[in-house]
Amino acid sequence: MSTTTLERESKTAKPSPRAQGAKKTVELKETIIEIVSDSGEGAQRCGQSLAQIAAKMGNGVWTVEIIPAEIQPPARSVAGASGNRVRIGSEAITNGGDEADLVVAFNEQVLLGRVRAGELKPGCIILLESMWRNDRNPAIAASYAATYDELVKAGYKVYEIPMEQECRKLVSDPRRGKNMFVMGMLCSLYSLDRDLAREQIGITFGKKDQKIIKTNTDLLEAGWDWAAANLDFQFSIPAKRATEPQLVINGNTSLALGVLASGMEICAMYPITPATSVSHYLSDVFERVGGLVHQAEDEIAACAFAVGASYAGKCTVTVTSGPGYSLKQEAIGLAVMCEIPLVVINVQRGGPSTGQPTKGEQGDLLTSIYGSHGDAPKVVIAPSSIEDCFYSVITARKIAETFNMVVVVLSDANLATGQQPFPRPQFSEDWLAPPYDQSELPTGAKPYDWDATTGLARRFIPGQPHGMHTLTGLAHDRDSHVAYDPLINEEGLRHRSLKLAALQKTLLPPKLYGDEKGDLLVIGWGSTKGAIEEAVGRLRAEGLKVSSMHLQFLQPMASGLKEIMQRFKKVITIESNWSDDLKDQLIDEENRRYSALAMMLRARTLIDVDCWSEVRGRPIKPGIVADVLRAKLQK
Amino acid sequence: MTLETTHCLLRMYEEHHALEDYQGGVPRWCNGCGDNAILAAMQRLCRDNDLRPEKTMFVSGIGCSSRLPHYMKTYGFHGIHGRALPVAEGIKMARPDLNVFVNTGDGDCCSIGAAHWIHAIRYNMNMVVVLHDNHVYGLTKKQASPTSPRGLKSNTTPRGAYLEALNPLTVTLGIQNVSFVAQAVDWIPEVLYDIFSAAFHHRGLSFVRVLQRCPEFLPKMFDPWLQDPQKTMLLTHEKGLKLSANLAKVYKNQRQHDPLDLNAAREIASIDDPIPVGILYQNPEVPCYEDLRHAGQFRTSDYVKAGLEKEFDKYTVWPSDQDESKPAA
Ligand SMILES: Cc1ncc(C[n+]2csc(CCOP(=O)(O)OP(=O)(O)O)c2C)c(N)n1
Ligand code: SF4
Ligand SMILES: [Mg+2]
């Protein structure tokens with residue numbers, strides 16, 4: 001909930017210099033800032049750096065990348081907005097929030113893109129690059145003037161900022177550098193720590209030479225001073241500096257650190273957005289802990305390579321997204337059939353097919369649970385925060401090796417690029433895998449000596465004397481001999497399935513957010529947790545009897561879910577995957593396609609679980625969730 | 001492929017193996033199937049080199065030929081169609097100490113797995129890859145394969161195969177980092193064995209194409225070569241194959257060929273009548289991918305911890321009172 005109130009109502013289009021002392025600083029509990037530019041102008045770097053500074057001061061932060069679909073969209077285009085949303089608060093922030101309170105735009109077209117997407121709060125402050133007003137191209141100048149008038153008329157508080165002109169005093173090409181001028185302005189506007197901001201320049205441009213750092217520091221100071229002298233408002237967001245060291249990273253870095261910490265040694269991958277940065281980071285640092293990244297010729301090879309490496313020793317990880325995940329299916333099935341531990345990280349993007357490469361979606365849940373032909377039971381877990389990304393990889397590796405199963409970790413593009421501070425993990429020896437077993441096996445030992453209750457069998461690793469057998473993807477018996485007997489085929493199926501039950505027995509029921517019973521239970525999974533809980537929190541503050549529950553384990557699901565659900569009058573899932581809308585003419589209860597988790601829960605509990613979903617390639621907003629839940633309560 | 005020194009560390013004392021030590025189940029191939037000869041040569045090779053069965057891996061895809069691992073008494077990995085090579089690469093990367101052999105069919109390698117084949121040559125990992133080339137899909141009952149000669153009638157080409165056959169030798173010899181290419185035929189076991197032996201002792205990926213009879217579906221395919229020894233050109237060289245006197249008497253069509261000569265190898269590879277048999281190319285200098293990738297660290301938990309903490313440091317925001325302890329950036 002953000003409470004931006006301007007000190008004065010006047011929309012100072014061309015702010016006049018005024019004495020700094022005349023400004024009153026307005027204290028905010030939290031705020032949402034967006035910085036948008038053409039791609040290549042550095043708005044993303046500006047946003048990320050801003051978030052880092054605020055986080056270091058002890059603010060809660062969450063960042064959302066604003067990514068154009070194309071790599072090089074045309075300049076000044078409505079669809080080309082590139083940048084960052086930064087939500088800063090006094091308390092911890094768990095999601096990107098609702099509409100923005102302040103937007104900095106490098107041209108009016110990218111700004112229009114955000115306005116049309118409904119991303120601005122009514123009356124939002126806009127800091128707009130003013131150079132276009134006098135552009136040599138009359139069409140551009142006219143477009144700018146018209147947009148400006150339109151926005152002012154719509155009630156936005158538009159400030160025209162001569163960014164280009166000011167930066168030109170310091171650099172010859174302000175296209176590179178304007179972003180740090182803007183950062184300086186924002187640091188001043190939000191009363192951030194000036195020393196930390198200077199320090200951040202050093203970190204951001206760490207690998208570059210001193211000249212670059214000096215130029216950018218000058219730009220930062222210039223932006224700072226300009227805002228202080230020319231803008232008639234200032235905010236502060238009180239921060240509590242954490243007492244414990246915090247990591248400030250995005251979800252993909254967190255996943256990669258999880259790989260380092262999990263004891264896995266090999267990552268086989270093929271580049272794909274939005275998963276690639278996991279591998280970029282791993283390629284850079286994995287060798288520091290004795291690991292390696294293999295970039296295979298395609299995802300089929302990457303997965304087969306991972307299966308081979310896992311089989312031969314320690315559990316291996318393969319990292320991918322939608323299309324790559326589809327290609328891996330046959331090799332995943334092989335790992336399931338042969339009971340080879342394997343961790344598959346799927347950073348979900350919009351689908352089907354090439355879909356929306358840079359946008360988040362939760363469309364792969366069912367394919368993760370049921371994917372690969374035949375009955376291919378595997379474990380599916382979904383992190384719901386940046387911190388979770390780290391620990392879920394460690395958990396995944398452990399489960400994979402304990403149960404000799406495939407474990408799918410479902411992240412998504414929203415977590416991938418979102419940044420959020422969390423307590424620095426304390427290293428534990430338990431994270432690591434023990435050395436692989438090379439001990440001699442008793443003669444006659446069977447490679448699939450399934451336990452009748454748990455389905456578990458000791459894994460044989462090449463090199464173990466007396467363990468020689470030929471592993472096969474064909475149906476096989478306990479000796480790994482090809483099964484021609486139909487009963488033996490069923491025996492294999494049963495034992496592979498039983499392992500899920502064995503794991504399920506160890507899972508605790510998820511904790512509820514809110515009361516133990518009430519009128520409405522909201523269930524979610526993955527990256528939507530922050531938004532759902534924030535929405536539920538708002539409704540609870542209004543006195544409504546709503547609680548929420550977030551599932552980390554999607555397959556198997558913890559026991560006790562049904563009992564929890566029965567304590568509520570209504571149950572609804574909130575997801576970011578497709579579900580049919582009953583308002584559509586042809587859609588009725590008989591043919592409605594439900595969201596993935598809703599479908600799973602309905603099948604598992606026979607409870608009439610409703611669902612609401614949005615698949616717009618942007619994080620679900622808490623305000624929208626709150627409206628949906630309110631409506632559901634009234635129905 | 002050469003032995004890793006780690007082999008000797010454990011059980012130095014025993015290790016004299018008999019053929020039975022490598023013989024798994026009874027082969028279920030058709031009578032007269034060329035795969036039997038390949039299996040026999042492989043078992044002999046293992047015995048003669050005293051390979052420890054538990055340190056030896058046969059990896060395959062799917063096809064008649066890919067059944068081979070089941071008939072060995074080593075570790076085996078009978079995986080999925082076309083993917084034997086990436087599986088074997090993963091195994092080798094994780095476990096350079098294992099002797100890795102790959103058995104793959106002409107469909108498995110040259111069709112569904114063709115991308116992996118090209119890249120496997122480029123990775124040049126230390127393993128022996130045997131292409132069982134019977135010019136047909138055996139397991140799925142007679143469909144044309146990429147190596148089927150033009151005009152071959154099969155269940156999917158009842159009026160004859162439309163395209164010229166792909167030549168696995170010229171393809172392989174055209175790939176960067178190729179380090180060993182040979183051709184053998186299942187019906188000259190002595191040469192088959194010698195080539196496997198040379199392949200095994202080569203460090204790098206040894207690619208051996210074996211022309212393999214499938215009496216079930218193409219009973220006459222190789223008859224011209226079986227009937228007329230002149231149609232087989234044996235490649236000999238002091239650095240390559242040396243023929244026994246008996247063999248030299250039968251196969252008089254011989255050619256001296258230096259396996260280091262890539263240009264000559266490419267020229268020979270493209271000859272289809274007579275067919276070349278022997279080592280076309282061998283270059284021991286090509287680096288192996290696993291050697292390039294393994295830094296050889298000893299991965300203790302302290303080592304992992306140190307690396308990890310260093311990464312954490314990069315992203316850590318320290319509480320103010322701990323600023324002192326902040327490591328220098
Ligand atoms: C993905 C997939 N596609 C198709 C098949 C069916 N299939 C099995 S073996 C084979 C071809 C075998 O031919 P080849 O590789 O030449 O081996 P051969 O049987 O001749 O030794 C095919 C098409 C399969 N098992 N998997
Ligand atoms: S079908 Fe052909 S390749 Fe397959 S086992 Fe029979 S003879 Fe051998
Ligand atoms: Mg074949």
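Here is the naming used below: chain letters follow the sequence lines, and residue numbers restart at 1 for every chain.
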Novice: Between G113(B), G307(B), G76(B), which residue shows the highest count of heavy-atom pairs closer than 4.5 Å to chain A?
Specialist: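 Ranked by contacts with chain A, first place is G76(B).
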Novice: Which residues pass the side-chain hydrogen bond (donor to acceptor under 3.5 Å, both in side chains) test with D430(A), not counting sequence neighbours?
Specialist: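 Residues passing side-chain hydrogen bond (donor to acceptor under 3.5 Å, both in side chains) with D430(A): none at all.
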Novice: Are L260(A) and V304(B) close enough that some pair of their side-chain heavy atoms sits under 4.5 Å apart?
Specialist: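 Answer no - side chains too far apart.
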Novice: Spell out, as yes or no, whether a donor-acceptor pair under 3.5 Å connects the side chain of R288(A) to the backbone of K310(B).
Specialist: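 No: the side chain of R288(A) does not pair with the backbone of K310(B).
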Novice: At a heavy-atom separation under 4.5 Å, does Q52(A) approach chain B through its side chain, its backbone, both, or neither?
Specialist: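 Contact with chain B: none, neither part.
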Novice: Pick one of side chain, backbone, both or neither for L196(A), based on which atoms fall under 4.5 Å of a heavy atom in chain B.
Specialist: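 Contact with chain B involves no heavy atom of L196(A) at all.
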Novice: Can you list every salt bridge (Lys or Arg N to Asp or Glu O under 4.0 Å) pair that touches residues 309-318 of chain A, not counting sequence neighbours?
Specialist: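 Salt bridge (Lys or Arg N to Asp or Glu O under 4.0 Å) check on residues 309-318 of chain A returns E265(A)-K314(A).
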Novice: Would you check, one step at a time, whether the test side-chain contact (heavy atoms from CB on, under 4.5 Å) holds for D298(A) with H119(B)?
Specialist: CA-CA 10 Å; D298(A) 56 33; H119(B) 290 278; over 6 Å; no
Novice: Under a 4.5 Å heavy-atom cut-off, does chain A meet the side chain of Y289(B), its backbone, both or neither?
Specialist: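 Contact with chain A is through the side chain of Y289(B) alone.
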Novice: Pair F77(B), T470(A) - check side-chain contact (heavy atoms from CB on, under 4.5 Å), show working.
Specialist: CA-CA 5 Å; F77(B) 193 117; T470(A) 291; over 6 Å; no
Novice: Quick one: side-chain hydrogen bond (donor to acceptor under 3.5 Å, both in side chains) partners of S301(B), sequence neighbours excluded?
Specialist: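 S301(B): side-chain hydrogen bond (donor to acceptor under 3.5 Å, both in side chains) contacts with E429(A).
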Novice: So for P425(A), is it side chain, backbone, both, or neither that comes closer than 4.5 Å to the heavy atoms of chain B?
Specialist: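 For P425(A), backbone and side chain are both near chain B.
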Novice: Under 3.5 Å, is there a donor-acceptor pair between the E54(B) and H466(A) side chains?
Specialist: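 Distance-only check fails for E54(B) and H466(A).
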Novice: Give me the atom names and distance for the closest heavy-atom approach of P86(B) to A301(A).
Specialist: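 Closest heavy-atom pair between P86(B) and A301(A): CB-O, 3.7 Å.
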Novice: Look up atom CE in M468(A) and atom CZ in F58(B), then write down how far apart they are to the nearest 0.5 Å.
Specialist: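 CZ of F58(B) is found 12.5 Å from CE of M468(A).
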Novice: Looking at side-chain heavy atoms only, is the closest gap between L308(B) and F427(A) below 4.5 Å?
Specialist: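 Side chain of L308(B) against side chain of F427(A), heavy atoms only: contact under 4.5 Å found.
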Novice: Less than 4.5 Å apart, any side-chain heavy atom of V87(B) and any of F305(A)?
Specialist: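 A side-chain contact is absent here, since even the closest heavy-atom pair is not under 4.5 Å.
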Novice: Counting heavy-atom pairs closer than 4.5 Å to chain A, which one of M57(B), H78(B), R83(B) comes out on top?
Specialist: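 Heavy-atom pairs under 4.5 Å are most numerous for H78(B).
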Novice: Could you report the tightest heavy-atom contact between T316(B) and P245(A), atom names first, then the distance?
Specialist: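 Here T316(B) and P245(A) meet closest at CG2-CB, 3.6 Å.
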Novice: Is there a donor-acceptor contact under 3.5 Å linking the side chains of Y123(B) and E297(A)?
Specialist: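 A pair is found: one side chain offers a donor N or O, the other an acceptor, under 3.5 Å apart.
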Novice: Any residues in residues 61-75 of chain B near chain A, with a heavy-atom distance under 4.5 Å, and which are they?
Specialist: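 R67(B), P69(B), H70(B), K73(B), T74(B), Y75(B) fall under the 4.5 Å cut-off.
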Novice: Sub-3.5 Å donor-acceptor pair from the side chain of R299(B) to the main-chain atoms of V289(A), do we have one?
Specialist: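 Yes, R299(B) side chain to V289(A) backbone: donor-acceptor pair under 3.5 Å.
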Novice: Contact part of A306(A) toward chain B, heavy-atom cut-off under 4.5 Å: side chain, backbone, both or neither?
Specialist: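 Contact with chain B involves no heavy atom of A306(A) at all.
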Novice: Is it the case that more than 12 heavy atoms not belonging to Y270(A) sit under 6.0 Å from its OH atom?
Specialist: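 Count not over threshold, so no.
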Novice: Please classify the contact of I249(A) with chain B as side chain, backbone, both or neither, using a heavy-atom distance under 4.5 Å.
Specialist: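 For I249(A), the contact with chain B is made by the side chain alone.
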Novice: Please classify the contact of H294(A) with chain B as side chain, backbone, both or neither, using a heavy-atom distance under 4.5 Å.
Specialist: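 It is both, since atoms from each part get that close.
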Novice: When heavy-atom pairs shorter than 4.5 Å are enumerated against chain B, which of G473(A), A296(A), P462(A), C303(A) gives the highest number?
Specialist: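 With the most close heavy-atom pairs to chain B, the winner is P462(A).
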Novice: Need one label for A268(A): side chain, backbone, both or neither, based on atoms under 4.5 Å from any heavy atom in chain B.
Specialist: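 Answer is neither: A268(A) stays 4.5 Å or more from chain B.
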Novice: Go through the atoms of A331(A) and report whether side chain, backbone, both or neither lie under 4.5 Å from a heavy atom of chain B.
Specialist: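 A331(A) touches chain B through backbone and side-chain heavy atoms alike.
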Novice: Are side-chain heavy atoms of Y436(A) and R95(B) found at a separation under 4.5 Å?
Specialist: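 They are in side-chain contact.
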Novice: What residue, out of R424(A), M337(A), K56(A), has the most heavy-atom pairs lying under 4.5 Å from chain B?
Specialist: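 Looking at each of R424(A), M337(A), K56(A) in turn, R424(A) comes out on top.
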Novice: Among V307(A), V482(A), T316(A), V285(A), single out the residue with the greatest number of heavy-atom pairs under 4.5 Å to chain B.
Specialist: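 Heavy-atom pair counts peak at V285(A).
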Novice: Quick one: what part of F390(A) sits under 4.5 Å from any heavy atom of chain B, side chain, backbone, both or neither?
Specialist: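 Contact with chain B is through the side chain of F390(A) alone.
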Novice: Answer yes or no: are there more than 12 heavy-atom neighbours, outside R198(A) itself, under 6.0 Å from its atom CZ?
Specialist: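 Check passes, neighbour count above 12.
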Novice: I would like to know whether Y281(A) and E311(B) meet side-chain hydrogen bond (donor to acceptor under 3.5 Å, both in side chains); could you show each step before the answer?
Specialist: CA-CA 11 Å; Y281(A) 177 61; E311(B) 286 313 303; 2.5 Å; yes
Novice: Checking R241(A) side chain against P319(B) main chain: does a donor-acceptor pair fall under 3.5 Å?
Specialist: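 It does not hold such a pair.
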Novice: Tell me, for I266(A) versus chain B, whether the close heavy atoms (under 4.5 Å) come from the side chain, the backbone, both or neither.
Specialist: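 I266(A) touches chain B through side-chain heavy atoms alone.
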Novice: If I measure from the heavy atoms of chain B, does L247(A) come under 4.5 Å with its side chain, its backbone, both, or neither?
Specialist: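 For L247(A), backbone and side chain are both near chain B.
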Novice: Can you measure from CG (L98(B)) to CD1 (I461(A)) and round to the nearest 0.5 angstrom?
Specialist: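 Taking CG in L98(B) and CD1 in I461(A), the distance rounds to 11.0 Å.
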Novice: Would you say NZ of K141(B) has more than 12 non-hydrogen atoms from neighbouring residues, nucleotides or ligands within 6.0 angstrom?
Specialist: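 For K141(B), atom NZ is not crowded (no more than 12 foreign heavy atoms under 6.0 Å).
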